[in-house]
Each structure stands twice: as C-alpha cells, then as structure tokens.
Amino acid sequence: MNATRTHTTSPHCRAQGLAGLSFRNMPMKPLLHAWAAALLCACAVQAQAQSHLPPEAAVREAVARSPAVQAADAAQRGAAARAQALRAGPHETVVRASGQRRWVHDGSGQRFTEGQIAIERPLRLGGKAESDAQLAEATQAASRVAAQDVRHEAARQLLALWFAAQRAGQAQQTARDNADAAAELARVTERRLRAGDAARLDAELAAAEHARMQAALATAQAAYQAAQADLQARFPGLEAARTKEGEAAPPLLDLPPQPDLPPLPQQPPAQLRLRYIEHSHEYLLAQAEETLALRQARRADLERRPDPTVGVFATSERGGSERIAGVSLSVPLGSVHRQAQADQALADADAALSRRLAAERRLGAEFDVLWSLLAGKRAAAQAQARAATLQQGAADRALRAYRAGESGLTELLAVRRTLAEALLAERLARSEALEGDSRLRLDLHELWDFDD
C-alpha cells in the first residue's frame, strides 16, 4: 500500500466514477452511485500497491546515511580503539639517563664525569591484564549494541514518518476527488436550474459544497507536502512514489488490490512479551552496560593493590674507574583515593543493575501497550470497513428518496459528506493498523533487522 502516491482520476475509473460522467442527458439518478465509485477508486489509489512499506534496500541506505547512525558508527570505532588500549595497558617502558660532574676537594683538584642509565617498567600483576582484556571485550560489546540501538531507533522514526506521509496522501487524494465530485455536482445543479428542474437554493448549496471541498483540498495538500518534506529532510532520498509532472497516472482499477491486514502472531502474548524484551536493543544495551560496569568495578577493586615498577640501571663513577649495576623496585603506597574509586565503581555497577531492571519493566509495559493498541486498531479498521459498507447502502437509499422527491439536496449533501468521511476513515484506520503491525514486527526483529 503505497499510500503517498498522488494520481488524477484515470479514464478507466472515470467510466464508473463521478468525475467522468456526462450529465447533459441524464438526471440525478446515477449521481450518488457514480460519486461513491469515484471515492472508492480514489481512496484505493493510495492503498492499492504491492507493498505498504518502502523497499528494504532504500530503507537500509537511508538509515545508514542518518547523521545519528554515522555518529554511532564513529563512537563504535572509538570504542574499538579504547578496547585496544585497555588490552595493551597504560604502562610503558621508561628510560632514564642522568649525567654529573664530580669535584674532589682534597687538594688534588680531580674532576670526574659520571652518569647513570636506567630502564624501568611497571608490571600488571594480580590478574589485572586478564581483567583489562575482559573490560575491553565488554566495552566493544556495549558500543556494538549502542550502534544497533541507534539504527533501530532511526528505523522506527522512518516507519512513523512513512506512514504519516501515506495517510496524508490518502487524505489529499480523497479531498481531490471530493472536490472533483463537488464541482461536477455544482455544474449539474446549475444546468438543472437553467432547465427549470432545480431550485435556486439547490444551486447555491451545491456551489457552497464545492467551495468547502476546495478549502479541504488546499488543507490536505498542505498537510501532504509538510509530511513529505519532513520525511525528505530526515531521510533524504526516501519518499513515497508520486506521479511525475505530465505523466499519466496508471488506471485505478488496474492497480493490485489493497493488502489485507496481516494475521496476528500465533505465539501466546506472554511468549511474545518475553521475546520483545529480550530482543529489544534498549534491554540489550542495559545488559551490556551492566556487564561493563561490573568489570569496571572488578578492575577498580584490583587497582587497590598498586602496580610495582621494576627497573635495571648502570652507573659510571669517577670517570669510569668505578662502575655500578643494579636493580630497582618501586611500589606506590595505597591510599584512601584508591579505595574510594573502587567503592564508586561498585556503586555504578549497582546503578547499572537497577537500570537494566527498570528497562525490563518499561519494555514489558511498552509491549502491553503496543499489543493492546494493535488489537484495537485492527478492530477499528474492521469496524470502519463495515461502517463504510453500511453508509454506502444509506447513500443509495438517500438517492432514491431524492429522486422520488421525498428529500432535498440538503439531505443528499449530508449523506455524501458522511460517506466521504466513512471511506476516508476506513483507509486511515487500515493504515494505522498496518503501522502498528509493522512497528511490532520491527521491534521483534522480523522486519528490517539491522543486527546482521
């Protein structure tokens, strides 16, 4: 259902619609039937397509070009560099060199050139190297899930904007055909007035109806253009297909039928709820951040035992007549600062655990809301379809009453407005149900999975 395509009423549809009927030699008999057929065709323009979703290749390209996604990719590269630094460790080999002059004040006036060179290296002991490696893995895992989460959020936003543009296109197409039908009705009524078959009041009512439909069309066009602009601004290159200027729209009745609402998942809601939580990037990210915080806490606890620095040195004294070689060992003395850092890291790990539990609860509630809304939207779409069918029957009876002189044009116009609203409401309700189904499948990783 490519609901944002705009079309003019085709000759094929005009054969059954109001816009293409000739009223010179016919009374109002076929008017309401023709107008209803035109509305049905017009509404079907936006809904009848092979798919109600954009092509997956276009979606992936649009999401990949999103600035938020590109920023997440850059952050992931930064995390990979941090992981590499963690594995290597912060310690580096240090080379020290010193030179000095010695003066002997014993009356001999001797002077000597002396110097020392030393090589020192801090050592990661007590399992710190292994802990750093685990911390590096956790860092990369968290950054990878964070990038996937950004892609998923971009896909959610794209899906919402796409369906918003579809619904705006449906409203615009319906408003256009309503305006065409109102214009034809005004012309027919004017001709009947000149022929003495209609009252001046009927002509004025028809003209007012035409003006009202023109105003509605202008509003719908502005809303459609705004929806398309929003979609284009956020995801350049991805827009609903639209008929090019000067290009004829395909015959409405030649378009494939509107896709039915897909069936609800067969799994029990409890299983779907668990699957929704466990596959959520928000939950996976909270889980990865909890693991990262736990490993940071373990590393901070190990840091309470300082790393020793071991070195070797060689000294030349009294001009080289005396030479000294030795080994050095230095150990920092632990302080309250190291203990405070370990306590802070442990508290951060507790906070990460609480955030994961909060995310689990929030996602469970989110699924419950989505599931309830989806069921409601499906029921609403089915009810709107029944309402449109019943309203069509009422419109037929109103036409017969008008032809028999049992009602006037005012009643006919009221029935026509109600039928137009019912037909549009049915299409919009179906679009909302399709959006709800697509959103659920997206969150269950059955649609546009970016984790591969």
Side-chain angles (χ1 to χ4, degrees), residues 72-100 114-149 283-318 320 322-359:
D73 290 340
Q76 188 174 4
R77 294 194 299 271
R82 286 195 300 274
Q84 184 179 5
L86 284 169
R87 291 188 179 94
H91 301 326
E92 296 176 333
T93 300
V94 178
V95 178
R96 302 181 186 275
S98 62
Q100 62 185 26
E114 300 179 344
Q116 184 184 65
I117 186 170
I119 301 177
E120 299 173 346
R121 170 76 183 192
L123 302 178
R124 285 188 294 176
L125 302 179
K128 291 181 179 179
E130 179 183 358
S131 179
D132 283 338
Q134 294 175 350
L135 186 58
E137 293 177 1
T139 299
Q140 283 189 289
S143 68
R144 182 171 55 254
V145 176
Q148 293 171 351
D149 184 47
Y283 179 77
L284 293 175
L285 181 58
Q287 206 172 39
E289 289 176 346
E290 179 189 3
T291 301
L292 179 61
L294 287 172
R295 292 185 177 178
Q296 286 175 335
R298 180 174 183 273
R299 184 64 178 85
D301 183 69
L302 293 175
E303 195 63 26
R304 291 189 301 113
R305 295 183 292 275
D307 292 329
T309 300
V310 178
V312 294
F313 64 90
T315 304
S316 173
E317 295 185 353
R318 302 185 68 84
E322 297 181 8
R323 296 182 179 276
I324 304 172
V327 177
S328 65
L329 175 67
S330 62
V331 180
L333 298 179
S335 64
V336 177
H337 176 72
R338 292 176 181 269
Q339 181 62 50
Q341 285 185 320
D343 294 341
Q344 176 189 349
L346 184 60
D348 291 342
D350 291 339
L353 170 62
S354 298
R355 286 194 296 270
R356 179 181 64 81
L357 295 176

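If you're wondering where the values come from, they're calculated on a predicted model, not measured in any experiment.
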Interatomic spacing from CZ in R144 to CG in L284 - rounded to 0.5 Å
11.0 Å

Provide the closest heavy-atom pair for L329 versus P308 in the form atom of the first, atom of the second, distance.
CD1-CB, 4.0 Å

Of Q116, Q100, E322, which meets side chain to side chain contact (heavy atoms under 4.5 Å, CB included) against T315?
Q116

Test salt bridge (Lys or Arg N to Asp or Glu O under 4.0 Å) applied to E290 and R355, R295, R356, the passing residue
R356

If the threshold is 4.0 Å, N to carboxylate O, is there a salt bridge linking D132 and R299?
yes

Report yes or no: does E114 contribute a side-chain atom to a donor-acceptor pair with the main-chain N or O of R318 at less than 3.5 Å?
yes

Between R323 and G320, the two heavy atoms sitting closest are NE-O, 3.8 Å

Minimal non-hydrogen separation, F313 against A118, with atom names
CB-CB, 3.5 Å

Salt bridge (charged side-chain N to carboxylate O under 4.0 Å, His left out) filter on R82, not counting sequence neighbours, yields none

Side-chain donor-acceptor pairs under 3.5 Å in residues 347-354, sequence neighbours left out?
| from | atom 1 | to | atom 2 | distance (Å) |
| --- | --- | --- | --- | --- |
| S354 | OG | D350 | O | 3.2 |

Of all heavy-atom pairs between A133 and R87, which one has the smallest distance, and what is that distance?
CA-CG, 4.4 Å

What closest approach, in Å, do L285 and A142 show between heavy atoms, and which atom pair accounts for it?
CD1-O, 3.6 Å

For E120 and R96, what are the C-alpha separation, side-chain angles and deciding distance, and is it a salt bridge (Lys or Arg N to Asp or Glu O under 4.0 Å)?
CA-CA 8 Å; E120 299 173 346; R96 302 181 186 275; 2.7 Å; yes

If you measure from the Lys or Arg side-chain nitrogens to the Asp or Glu carboxylate oxygens, is any gap between E303 and K128 under 4.0 Å?
yes

Minimum heavy-atom distance between G89 and R124, given as atom pair plus value:
CA-NH1, 3.5 Å

Output all residues satisfying salt bridge (charged side-chain N to carboxylate O under 4.0 Å, His left out) with D73, sequence neighbours left out; order by chain, then residue number.
R151

Once rounded to the nearest 0.5 Å, what's the spacing between atom CZ of R121 and atom CD of E92?
7.5 Å

Assess whether side-chain contact (heavy atoms from CB on, under 4.5 Å) is satisfied between L123 and V310, documenting all intermediate values.
CA-CA 7 Å; L123 302 178; V310 178; 3.8 Å; yes

Under 3.5 Å, is there a donor-acceptor pair between the side chain of T139 and the main chain of L135?
yes

The reported gap from CD1 in I119 to OG1 in T93 (rounded to nearest 0.5 angstrom) is 8.0 Å

With side chain to side chain contact (heavy atoms under 4.5 Å, CB included) as the test, pick out the partner of R298 among L294, L302, D301.
L302

